[in-house]
Asker: 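Just dropping this structure here.
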Amino acid sequence: MKTLTIRRPDDWHVHFRDGEMLRAVASDTSADFARAIIMPNLVPPVVTTADAASYRERIVAAVPPGHHFTPLMTLYLTEGTDAGDVEAGFRSGLVTAVKLYPAGATTNSQSGVRDIDKVMPVLERMAEIGMTLCVHGEVTDPSIDIFDREAVFIERVLQPLRARLPELRIVMEHVTTKDGVDYVRSQDRNTAATLTTHHLIINRNAILAGGIRPHYYCLPVAKREEHRLALRGAATSGDARFFLGTDSAPHLDPLKECACGCAGIYSSVNTLSCLAHVFEEEGALDKLEAFTSLNGPTFYRLAPNEARVTLERHETPWDYPRKRATAEGDVTVFDPMFPLHWTVA
Ligand code: NCD
Ligand code: ZN
């Protein structure tokens, strides 16, 4: 049997939700990942350090005993966010990053930012103290085609922000386009990007060709094949500016399978199996560890995990669970549409 031993991975972008959903999904991440950046888009959002402290406790209580897992907390940036609170949260070690959602860009982003000028004092403070800003990089202008919203965001928001604050550490979350990859490659410091597992696997045909498939709908929406290939190139290159953020985002099935379904793909269950397949296909298994376990900690100025995991390639594909059951109903697990020969030992 072929095996691959790597440092234990981290997930640099995941949605844990709260309540019953949190209790159902936390162990899928903590089983395979040592740490994860926890997105703050709850209802209501995690805005203050005090909110993050209590959310962190609920997460820790939801992780099974025996799993070694550290949640890395983020604050949801609003136009009312207090720079002093952000700094105190960061200095205490409780808060790792701040998340910028343009208002209306995605699930639970209504309290996000409309006018970037209003959050400049917070961003300036973050630049001073070396704290990372995680960015949902899509404009919300309804006149911009949804497939172009990432490229236009780079031009209208990111480039001007970068010019104003060269020292701000920015992660472009879940880049989905060649434009995003090229932008990150053009920056020699303070800029990185997360890539999801599913955007390395699907293009927009998965959502729209031969029937509408809501379980492949997420934001930013999957793009054309040329973009998927650019993302694969970035992920498997070993370039330290690119690392894994699964953006695993559970929604109950009835909320996805309806006339106006929620955005989000749930992949925590089988992400590492999918990634091993992708990296093997690209002849880049030797770059998997950089993507899942080294580049993220380097950007966040944390040590990589000491623990190791072994991935095993089996002849018989893994019959992974198709649904994650919760007390409120089922969540469909990401189907990569190829057999999964790799598993975590
Ligand atoms: C995320 C969610 O459901 O919270 N959905 C998604 O499609 N990725 C929000 C987000 O990260 O945009
Ligand atoms: Zn997300």
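First listed ligand is number 1; within each ligand, the first listed atom is number 1. Since the structure is predicted, the reported quantities are computational estimates derived from the model, not experimental observations.
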Asker: Between Asp330 and Lys323, does a salt bridge (Lys or Arg N to Asp or Glu O under 4.0 Å) hold up when you go through it step by step?
Answerer: CA-CA 6 Å; Asp330 283 350; Lys323 305 276 183 189; 5.5 Å; no
Asker: Would Arg241 count as a cation-pi partner of Phe299, with NZ or CZ less than 6.0 Å from the six-membered ring centre and within 45° of the ring normal?
Answerer: no
Asker: Please tabulate, one line per pair, the protein nitrogen or oxygen atoms found under 3.5 angstrom from a nitrogen or oxygen of ligand 1, with distances to 0.1 Å, or say none if there are no such pairs.
Answerer:
from: ligand 1; atom 1: 3 (O); to: Arg17; atom 2: NH2; distance (Å): 2.8
from: ligand 1; atom 1: 3 (O); to: Thr107; atom 2: OG1; distance (Å): 3.1
from: ligand 1; atom 1: 3 (O); to: His251; atom 2: NE2; distance (Å): 2.8
from: ligand 1; atom 1: 3 (O); to: Ala263; atom 2: O; distance (Å): 3.1
from: ligand 1; atom 1: 4 (O); to: His15; atom 2: ND1; distance (Å): 3.3
from: ligand 1; atom 1: 4 (O); to: Arg17; atom 2: NH1; distance (Å): 2.8
from: ligand 1; atom 1: 4 (O); to: Arg17; atom 2: NH2; distance (Å): 3.4
from: ligand 1; atom 1: 4 (O); to: Asn41; atom 2: ND2; distance (Å): 2.7
from: ligand 1; atom 1: 5 (N); to: Ala263; atom 2: O; distance (Å): 3.1
from: ligand 1; atom 1: 7 (O); to: Leu219; atom 2: N; distance (Å): 2.7
from: ligand 1; atom 1: 7 (O); to: Ala263; atom 2: O; distance (Å): 3.3
from: ligand 1; atom 1: 7 (O); to: Gly264; atom 2: N; distance (Å): 3.1
from: ligand 1; atom 1: 8 (N); to: Leu219; atom 2: O; distance (Å): 3.0
from: ligand 1; atom 1: 8 (N); to: Asp247; atom 2: OD1; distance (Å): 3.4
from: ligand 1; atom 1: 8 (N); to: Asp247; atom 2: OD2; distance (Å): 2.7
from: ligand 1; atom 1: 11 (O); to: His15; atom 2: NE2; distance (Å): 3.0
from: ligand 1; atom 1: 11 (O); to: Asp247; atom 2: OD1; distance (Å): 3.2
from: ligand 1; atom 1: 12 (O); to: Thr106; atom 2: OG1; distance (Å): 2.6
from: ligand 1; atom 1: 12 (O); to: His136; atom 2: ND1; distance (Å): 3.4

Asker: Quick check for you: within a radius under 2.8 Å, how many protein N, O or S atoms neighbour the Zn ion (ligand 2)?
Answerer: 3
Asker: After noting the C-alpha distance and the side-chain angles of Lys99 and Glu173, does the key distance pass the salt bridge (Lys or Arg N to Asp or Glu O under 4.0 Å) rule?
Answerer: CA-CA 9 Å; Lys99 177 74 185 278; Glu173 296 298 329; 5.9 Å; no
Asker: Would you mind checking if Glu280 and Arg313 are paired as a salt bridge, meaning a charged N to carboxylate O distance below 4.0 Å?
Answerer: yes
Asker: Does this structure show an ion pair linking Glu306 with Arg7, if we count only N-O contacts that are shorter than 4.0 Å?
Answerer: yes
Asker: Taking the six-membered ring of Phe147 as reference, does the NZ or CZ atom of Arg224 fall below 6.0 Å from its centre and within a 45° cone about the axis?
Answerer: no
Asker: Would a distance-only check, ignoring hydrogens and angles, find a side-chain to backbone donor-acceptor pair under 3.5 Å from Arg162 to Leu168?
Answerer: yes
Asker: Check for me whether Arg322 meets the cation-pi criterion with Tyr320, that is, NZ or CZ under 6.0 Å from the six-membered ring centre and within 45 degrees of the ring axis.
Answerer: yes
Asker: Could Arg23 and Asp18 be called an ion pair, given the rule that one side-chain N must be under 4.0 Å from one carboxylate O?
Answerer: no
